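Since this is a predicted model, take the numbers as computed values, not measurements. We use all heavy atoms of the structure for the numbers below, so side chains are in, but hydrogens, waters and symmetry mates are not. One-based numbering along the sequence shown. All ligand and atom numbering here is 1-based and tracks the order in the structure.
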Amino acid sequence: MSGPSRESAYLGFSELLTAYRSSFLLLQVHDAGLFELIAEAGSGLEQICRDLGWDPELGERLLQALCGLELLLVEGERFYLSPFSRAFLWSGSSRYQGASLAFEQQLIGSWQTLEATLKQGSRVHATGDKSPEELATALDRYLGAMGEAARERAPEFWAWLRPPERGTILEIGAGSGAFLQAFLQVHPGWQGLFFDLPEVVARARRSAQLQPLGERLRFFSGNYLEDGGGLAGCSYGDQAPELVLLSNVVHCQGQRETQELLARAGQQLAPGGLLVIHDFFRDSPGPGRLYDLHMMLNTYNGRTYSRTGFEEMLQAAMGPGTCSWRSLASGSALAAWAEEEEVLDRWLAG
Ligand SMILES: C[S@@+](CC[C@H](N)C(=O)[O-])C[C@H]1O[C@@H](n2cnc3c(N)ncnc32)[C@H](O)[C@@H]1O
């Protein structure tokens, strides 16, 4: 908590205490379809309340509160999307976060199991077993949310690297493929290798966003937790990847499994290559601080690390090497690892 650095400690306390109010409000008005209704053209109070079945007097109070939060703007009797809502909350935007909103809503119940989880010593499932259809929807939401976040972070993320003109990049646990897509778009001399679980690869093969990459992107499926679980075959012809990316995967399982995964990732890397890890770390500012609890509540044995603890794991997995860190303004952090300092210097933009 950053309370002491806030101008008023009491303000910090009340903001922390009531943070759920704005979150619930956001999720509910989005679910009601308000941002779609207002869209680009804006809409009047009467029309909005009629379309959403709201009482006009209470509806106006709600809309005014949304103006106070800068989610809407009002001009006379007409309400418009603010630039923020227009970017993130309206489906017509390329930056729309619809899957992230649905995914987060799905997670609320698990935060109510915190006490039971602490007492049981392992994850408590907030809902019962899911049907195959429910599982497919949950996977779509999860990958959709990952993709939306990745598209936001990718430009800042890749700006850190100064890759050579040609090469091969492997992403292990590539999910939506959004990081690979963003990289391959700006580096036309590069080829991509997409590795993930079979059901995720099947979705990625159908993805309209990845289709334009054609033959430049190859797909591999397997389970990275298993010895020889498919990673060993990941190459473009006989070209071992010069760049290997692990984005948001080191937190997915326990420490021993992650250390093994790091070692397997390192084995794929061509000599002089770079391993890049993107994740949330306990000592990073922002959302990283609660990410460990998110893993505690929502995964079998996922967890996060401090940067120092993670560097020790890297060293145990890869042997001697050198590591450089960068915090992203969007809240996560990047670590780049290479065998030698001069390799790191060559790859990093500063
Ligand atoms: C949190 S998502 C990250 C997706 C993407 N890298 C990103 O940052 O947007 C983790 C990904 O790792 C994949 N994954 C998890 N466990 C895996 C395993 N045992 N073998 C292969 N892939 C796995 C998941 O299917 C998912 O796509």
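Protein heavy atom nearest atom 19 (N) of ligand 1, with residue, atom name and distance: N223 OD1, 2.7 Å. Closest to atom 11 (C) of ligand 1 among all protein heavy atoms lies G173 O, 3.6 Å. Protein heavy atom in closest approach to atom 21 (C) of ligand 1: Y224 CD2, 3.3 Å. In terms of protein heavy atoms, atom 2 (S) of ligand 1 is closest to Y142 OH, 3.2 Å. Protein heavy atom closest to atom 3 (C) of ligand 1, with residue, atom name and distance, is S247 O, 3.5 Å. Here the heavy atom of the protein found nearest to atom 12 (O) of ligand 1 is V249 CG1, 3.4 Å. Atom 27 (O) of ligand 1 has its closest protein heavy atom at D196 OD2, 2.7 Å.
At a 3.5 angstrom cut-off on N or O pairs, N248 counts as close to ligand 1. Considering backbone and side-chain N/O atoms, S176 never comes within less than 3.5 Å of an N/O atom of ligand 1. When only interatomic distances are considered, the shortest N/O to N/O separation between H278 and ligand 1 does not fall below 3.5 Å.
No option in F183, W158, W160, F179 other than F179 meets the ring-ring contact (aromatic ring centres under 6.0 Å, His included) test with H278.
Between H294 and Y291, the ring planes are perpendicular. Angles over 60° get that label, and only those under 30° would be called parallel.
In summary, the aromatic rings of F194 and F220 are positioned with their centroids too far apart to meet the 6.0 Å limit.
Here A174 has backbone heavy atoms under 4.0 Å from ligand 1, and that is the only part of it that gets that close.
Salt-bridge check for R203 with D140: passed, with a basic side-chain N closer than 4.0 Å to an acidic carboxylate O. Salt-bridge annotation for E260 and R256: present, with a side-chain N of the basic residue lying under 4.0 Å from a carboxylate O of the acidic one.
Residue pairs meeting the ring-ring contact (aromatic ring centres under 6.0 Å, His included) criterion with at least one member in residues 86-121, sequence neighbours excluded, are H30-Y96, F84-F88, F103-Y142.
Under the 4.5 Å side-chain heavy-atom criterion for Ile, Leu, Val, Met, Phe, Trp and Tyr, L210 and V186 are members of distinct hydrophobic clusters.
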